[in-house]
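Residue numbers begin at 1 in each chain, while the letters A, B, ... track the order of the sequences. Because only heavy atoms are used, hydrogens play no part in the values below, and waters and symmetry mates are left out as well, while side chains stay in.
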Amino acid sequence: FSPVGKMFRAVVRLSTSGVRNLARTRPCYSAPLSARCYSHAKVETDEEFDARWVTYFSKPDIDAWELKKGMNTLIGYDLVPEPKILDSALRACRRLNDLASAIRILEAVKDKSGPHKDIYPYLIQELQPTLTELGISTPEDLGMDIL
Amino acid sequence: MLTSRALLRGLKSGFWRPLSSTSSVQAAHGKDMSPDVLDPSVPQYNNRLDTPLSDVPFVRNLNSEQRQLKEKEKGPWTKLTKEEKIALYRLTHELTYPEMRRGSSEWKTVLGGVFIFLGFSGMLVWWQRIFVFGEVPHTLSDEWVEKQTQRMIDMRVNPVGGFAYHWDYVKKQWK
């Protein structure tokens, strides 16, 4: 008999008992997504977050206050909104006949990107169809990005 | 803001331009100075990077030309010229993001003031040195210091790591 084989069997035995121990002392392992023993609250995924905000701005009879509140809240988060959320917000501006807010939103997300200079061009690239359709000029087009 | 105001008063000088918060400058820029706007219990306009859309638009009392532009805004935006779009933006917002982020040259004023006062203090110290202080004691004259140094060498002051350690007694010079 090889000592290696014996070791292997010992390891297997150890590991199975270890697993059983693990299951007994750490019940939170049953949760699929959570890897740590935090509270059992469900964490919203990125897609759910995006969908929620797109729905918020897609409300057909959205009013000016709701647009302002939504936009200010969104800018308060530690993220740059996805193009689809911004698209929804720009269309909300169109429904409210508010071009100034549409341009302001573009300025705000550029500012939100901070040192990451490649985010804003990407957003404009993704939003270009909407911008041309609605006739929204970017701050760069209007010369408002320089002093 | 506070330091430069104090500086103004301290120097009693009139040739600094008043800062932009004076009412005459604000009126020229079309800012609404009516009591309604100055009332803090009513929604205010503010330029904030973290609040892109303010509670109220910057210009609230529109003249007929501006009202016409607002009517045109209800139609397709593709029909608006660039100037009209800029005008619409400026009606709702006072400052653009780059304008909000722009710094000022106030630091130059502050630094200049600091140096002026330091210089003035230096002048006072100099005057004091000439007109207030008496003569320096005779024990600091070159002659006395020479004799004193020779005496310290002869006494072997701090021979291990201090004064006399640096004197070479063989060559009779400093090491």
Side-chain angles (χ1 to χ4, degrees), chain A residues 57 62-81 85-86 89-115 120 129-147, chain B residues 20 29-32 41-63 65-106:
Chain A
F57 287 118
I62 193 171
D63 68 29
W65 185 92
E66 285 173 350
L67 171 69
K68 273 184 262 173
K69 175 66 182 168
M71 216 48 237
N72 292 338
T73 311
L74 194 58
I75 293 295
Y77 293 147
D78 184 18
L79 50 84
V80 180
I85 303 177
L86 297 174
L90 292 174
R91 288 184 190 282
C93 289
R94 175 66 267 193
R95 289 198 293 284
L96 289 163
N97 300 319
D98 194 350
L99 176 64
S101 293
I103 303 172
R104 190 68 154 186
I105 289 170
L106 295 176
E107 277 196 305
V109 297
K110 180 177 185 184
D111 189 74
K112 202 65 194 160
S113 320
Y120 180 69
T130 311
L131 295 179
T132 15
E133 180 198 328
L134 298 176
I136 301 171
S137 304
T138 64
E140 290 70 38
D141 288 339
L142 301 173
M144 293 202 299
D145 58 325
I146 42 141
L147 291 168
Chain B
S20 65
H29 285 241
K31 201 159 193 172
D32 206 342
S41 66
V42 150
Q44 300 283 310
Y45 173 78
N46 39 42
N47 293 305
R48 287 184 64 103
L49 295 168
D50 60 5
T51 312
L53 304 177
S54 197
D55 297 333
V56 292
F58 177 52
V59 178
R60 290 205 290 179
N61 310 318
L62 304 171
N63 61 35
E65 194 180 284
Q66 290 164 334
R67 250 170 287 182
Q68 274 180 337
L69 188 56
K70 278 287 185 186
E71 282 303 311
K72 198 172 174 193
E73 195 184 16
K74 294 184 184 166
W77 291 338
T78 42
K79 300 238 166 63
L80 294 168
T81 67
K82 280 197 183 162
E83 290 74 25
E84 286 176 331
K85 289 182 183 175
I86 296 174
L88 280 168
Y89 180 93
R90 291 289 180 184
L91 280 179
T92 330
H93 303 109
E94 185 192 6
L95 300 174
T96 66
Y97 267 71
E99 285 168 5
M100 278 194 264
R101 281 207 173 268
R102 179 185 56 195
S104 72
S105 297
E106 193 187 359

For chain B, the option from [options] that forms the most heavy-atom pairs under 4.5 Å:
{"options": "Met71(A), Lys68(A), Arg94(A), Lys69(A)", "result": "Arg94(A)"}
{"options": "Ser137(A), Ala102(A), Ala64(A)", "result": "Ser137(A)"}
{"options": "Asp98(A), Leu96(A), Asp141(A)", "result": "Asp98(A)"}
{"options": "Gly135(A), Gly143(A), Pro139(A)", "result": "Gly135(A)"}
{"options": "Leu147(A), Ile103(A), Leu99(A), Leu134(A)", "result": "Leu99(A)"}

Whether Glu140(A) and Lys110(A) form a salt bridge (side-chain N of Lys/Arg under 4.0 Å from carboxylate O of Asp/Glu) is what I want to check. yes
Where does Leu67(A) contact chain B at under 4.5 Å (heavy atoms): side chain, backbone, both or neither? both
Okay, Thr132(A) and chain B: the region with an atom under 4.5 Å from a heavy atom over there is backbone
side-chain contact (heavy atoms from CB on, under 4.5 Å) evaluation trace for Val42(B) with Val56(B): CA-CA 10 Å; Val42(B) 150; Val56(B) 292; over 6 Å; no
Below 4.5 Å, heavy-atom pairs only: which of [options] has the largest tally toward chain A?
{"options": "Arg102(B), Arg101(B), Arg90(B)", "value": "Arg101(B)"}
{"options": "Lys82(B), Arg48(B), Lys85(B)", "value": "Lys85(B)"}
{"options": "Asp50(B), Leu88(B), Thr96(B)", "value": "Thr96(B)"}

Step by step, work out the side-chain contact (heavy atoms from CB on, under 4.5 Å) result for Leu53(B) and His93(B). CA-CA 8 Å; Leu53(B) 304 177; His93(B) 303 109; 4.3 Å; yes
Is it true that the side chains of Ser54(B) and Asn46(B) contain a donor and an acceptor less than 3.5 Å apart? yes
Measuring heavy-atom distances to chain A, does Leu91(B) have an atom under 4.5 Å in its side chain, in its backbone, in both, or in neither? neither
Which distance, rounded to the nearest 0.5 Å, do you find between the CG of Leu62(B) and the CG of Leu69(B)? 9.0 Å
Is there a side-chain contact (heavy atoms from CB on, under 4.5 Å) between Lys72(B) and Gln68(B) once you walk through the steps? CA-CA 6 Å; Lys72(B) 198 172 174 193; Gln68(B) 274 180 337; over 6 Å; no
Counting only heavy atoms not in Lys70(B), do more than 12 sit closer than 6.0 Å to its NZ atom? yes
Should Cys93(A) and Ile105(A) count as side-chain neighbours, where that means a heavy-atom distance under 4.5 Å? yes
